Number of protein chains: 2
Amino acid sequence: MRFEQIMGVTLKELATKLALSPTTVSRALNGYPEVNAQTRQRVLDAARAANYHPNMRAKSLATGQSRAIGHVIPISTSHEIVNPIFADFIAGAGENYSRAGYDMVLSVVPDADEEATYRNLVARGSVDGLMVHGPLLQDSRIALLQGLGIPFMVHGRSSGVNTPYSWLDINNRRSFCRATEFLLDLGHTRIALVNGLESMDFAMRRRSGYLDALHAAGIAPDPMLMRSSEMTEPYGHKAGRELLALPQPPTAFLASSMIVAYGLRRALTDAGLKLGRDVSVIAHDDDLSYMPNGLDVPQFTATCSSVRAAGRKAAEMLLTLVGNPDHPPLTHLMETQLVLGYSTGRNRT
Amino acid sequence: MRFEQIMGVTLKELATKLALSPTTVSRALNGYPEVNAQTRQRVLDAARAANYHPNMRAKSLATGQSRAIGHVIPISTSHEIVNPIFADFIAGAGENYSRAGYDMVLSVVPDADEEATYRNLVARGSVDGLMVHGPLLQDSRIALLQGLGIPFMVHGRSSGVNTPYSWLDINNRRSFCRATEFLLDLGHTRIALVNGLESMDFAMRRRSGYLDALHAAGIAPDPMLMRSSEMTEPYGHKAGRELLALPQPPTAFLASSMIVAYGLRRALTDAGLKLGRDVSVIAHDDDLSYMPNGLDVPQFTATCSSVRAAGRKAAEMLLTLVGNPDHPPLTHLMETQLVLGYSTGRNRT
DNA sequence: TCGGTTTTTCAAACCGCTTTGGGTGATCAA
DNA sequence: TTGATCACCCAAAGCGGTTTGAAAAACCGA
């Protein structure tokens, strides 16, 4: 034991100091009924005075619970991008974990090792529950975790997985459908979709929504207007330039993230177009703290949904699953808000 | 014990299966010399066959080490921004942790509770070491952790703290000094600094570097040209607009982050200025995976330093500190690279 | 062959907490 | 007074590993 000087008193020491048995002290501290009110108070006071903190490792071992939730962040070996929404989601989830007295353990692993990581975390008993990030189409992790029998939540969903599982997602499809409808209402018919990687489930759903709206309006989708890649500013810029260079350029654009919208805006204004007048843009806004949609008034018309709030909610749900492991799967679908900004207007071409 | 079905065999079971004592099995698995080579092999084979994974909680309790590193992310209650470089730093650090068999435990806490969080983490024995993020001027956390006697690393430094401690930082001062010198060489004399919050240590150092260069060139700094705030795109935009509206607008700009540079660029191009020709911009580029400086060629002239690499290195250093707790403080100063992009050019005013 | 090493193995204590299965004394109804 | 009932407390046995101290086995030279 290396840090004994700082690791504080043990329960046993506290017990001898109080002339009580460890049993009673433990019970007093954990709120069990079979202990005298006065005794309990005495114990609580002494614990506070001695600055007693139970050793989590020992507690874990004895109870069989680790009071920790695992988050596994896959780092794709091909395109090494760390999902930027991750930080805000974590922040939201973390709030609820710490409130409930849970730790969060993070594993950053190349996607090849992901399965082994999950197995390890569970087998070593390091976590009581798991959060799954960035689900792909037909994500194999879901079946894996169901096999391991540990409570878990998916942030997003995985099309193609048909067994029930717990998830929290935004209504990407409806969201992009509405945004597209809104642009159609404004008279736009050539609408571009500047999407994220379509191996990601959310991107696929957004495309579906976009296609739904076009279809309902009797407009045949033009493959030239649909782009998909890792969401960065330069990508948005490049997509914008290339789309404008088409023989029949689009008059409106859907951007799958704020940062893509930044790049898109640059391409459009570089071409001398004014957003909202000459061309329309709707962005999806995850409400990331460091990427606000304007300072006070929203710059972009946007489909808004706070990732931070999603993290909070997902954590809350996961904790109830951990609390009652036999609980049936919990799901939660969040609608986005379509908020009007200065980036959309009637089609005047 | 809730997950016994998945928690696999215990060492004791493995031992009886092998007709050996737990002692021997433990030693064989942990590579102690006092065990016959054949026996060791037999044990290793059996362990693999039985899919044995030692229970970390038990191991922790017995050894007094948790094999986990804590990262505490402060969420300022006033301006609730999650540091965007955090995700990439974590990704880098996580690589080294998992390679070394360490877990990473994350605590997201409002800055008011920060001290209590550190105390708890240590007292409960949840971590063997701590990483401190986002140091402020005279950051009180350093003294706190030194008092607690646990190994820790600071990502960045804290001016005003004079006791030695372990840190990894980039040479912010030199970096911004060089960038300023470069702009001076190009004939710019009115150079704006669009900085981060100057309660943050890094921002203060960048300003020092900027001032150093101006001073060496005999140019009196103009307070109107120095801005400081939370680093977002709208902030960059606003700063750019306001700076251009000055009676004597600057001809060059230093931006403390890529995203600020995005906003700055927008303000400048909106004003009809072309970067590199009419006006110059140098950005600091943390090489965040989702915020690249251009697709193939760098757009902005930038002071570059990979936060991901910093995370890797900091983790490595922290792990050696954890390995030998009596090791004197470890420090590492990384220089940035000044990379030429298309955003700088001779002053033609 | 034998005492002395060296190698290999083991029984048992321990890490700090929880929890089972009694005890003890007080209270109460009969 | 007595047996039953409670309220309260405790000793001891875990949880799943590591580690100490000692014993057994194998090896060695004389």
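Keep in mind that this is a model prediction, so the values were computed, not measured. Naming: A, B, ... by sequence-line order, numbering from 1 per chain.
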A.B. asks: So if I define the base as every atom that isn't primed, P, OP1 or OP2, how would nucleotides 8-14 of chain C read as a B/S/- string at a heavy-atom cutoff under 4.0 Å?
C.D. replies: BBBBB--
A.B. asks: How about B/Q65 and B/S60: does a side-chain donor come under 3.5 Å of a side-chain acceptor?
C.D. replies: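 No donor-acceptor contact under 3.5 Å links the two side chains.
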A.B. asks: Would you kindly give the CG-to-P distance between A/L61 and C/dC15, to the nearest whole Å?
C.D. replies: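 Computing the A/L61:CG to C/dC15:P distance gives 14 Å.
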A.B. asks: Taking OP1 and OP2 of D/dC15, is either one under 4.0 Å from a side-chain nitrogen or oxygen of B/N55?
C.D. replies: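 No.
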A.B. asks: Taking only N and O in the side chain of B/Y32, is any of them less than 4.0 Å away from OP1 or OP2 of D/dT19?
C.D. replies: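 So the side-chain polar atoms of B/Y32 do come within 4.0 Å of the phosphate oxygens OP1 or OP2 of D/dT19, strictly under.
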A.B. asks: Decide whether A/T24 and A/S21 meet the rule of one side-chain donor and one side-chain acceptor closer than 3.5 Å.
C.D. replies: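 Yes, A/S21 and A/T24 have a side-chain donor paired with an acceptor closer than 3.5 Å.
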A.B. asks: May I have the step-by-step check of ring pair (Phe, Tyr, Trp, His ring centres under 6.0 Å) for B/H155 and B/F86, ending in yes or no?
C.D. replies: CA-CA 10 Å; B/H155 179 209; B/F86 175 70; 9.8 Å; no
A.B. asks: What is the distance, rounded to the nearest whole Å, between atom CE of A/M56 and atom P of C/dG16?
C.D. replies: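 Value for this atom pair: 16 Å.
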A.B. asks: Can you tell me the distance, in whole Å, between the CD atom of A/E13 and the C1' atom of C/dC17?
C.D. replies: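 Taking atom C1' of C/dC17 as the reference, CD of A/E13 is at 13 Å.
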A.B. asks: Please tell me whether A/N83 and A/H133 have a donor and an acceptor in their side chains that are separated by less than 3.5 angstrom.
C.D. replies: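 No - no donor-acceptor pair under 3.5 Å links their side chains.
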A.B. asks: Rounding to an integer number of Å, can you tell me how far B/R67 CZ sits from D/dG17 P?
C.D. replies: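 Roughly 15 Å, once rounded to whole Å.
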A.B. asks: Hey, are A/E95 and A/R308 close enough for a salt bridge, meaning a charged N less than 4.0 Å from a carboxylate O?
C.D. replies: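 Salt bridge between A/E95 and A/R308, a charged N being under 4.0 Å from a carboxylate O: yes.
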A.B. asks: May I ask you to say whether B/D201 pairs ionically with B/R157, meaning some side-chain N is under 4.0 Å from a carboxylate O?
C.D. replies: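 Looking at B/R157 together with B/D201, the answer is no, because their closest N to O distance does not fall below 4.0 Å.
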A.B. asks: Atom CG of B/N30 and atom P of D/dG16: how far apart are they, to the nearest Å?
C.D. replies: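 It works out to 17 Å between those atoms.
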A.B. asks: Would you please classify the geometry between the A/F152 ring and the A/Y165 ring as parallel, tilted or perpendicular, with 30° and 60° separating the classes?
C.D. replies: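 Parallel: the ring planes of A/Y165 and A/F152 meet at under 30°.
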A.B. asks: Less than 4.0 angstrom between a side-chain N/O of B/K59 and OP1 or OP2 of D/dG16, yes or no?
C.D. replies: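 No, outside the criterion.
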A.B. asks: Using a cut-off of less than 4.0 Å, is there contact between a side-chain N or O of B/S26 and OP1 or OP2 of D/dG17?
C.D. replies: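 No.
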A.B. asks: Between atom CD in A/Q65 and atom P in D/dG16, what is the gap in whole Å?
C.D. replies: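 The answer, rounded to whole Å, is 14 Å.
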A.B. asks: Within the pair B/Y52 and D/dG16, is there a side-chain N or O less than 4.0 Å away from OP1 or OP2?
C.D. replies: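 No, outside the criterion.
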A.B. asks: Specify the separation, in whole Å, of atom NE2 of A/H53 and atom C1' of C/dC17.
C.D. replies: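 Answer to the nearest Å: 16 Å.
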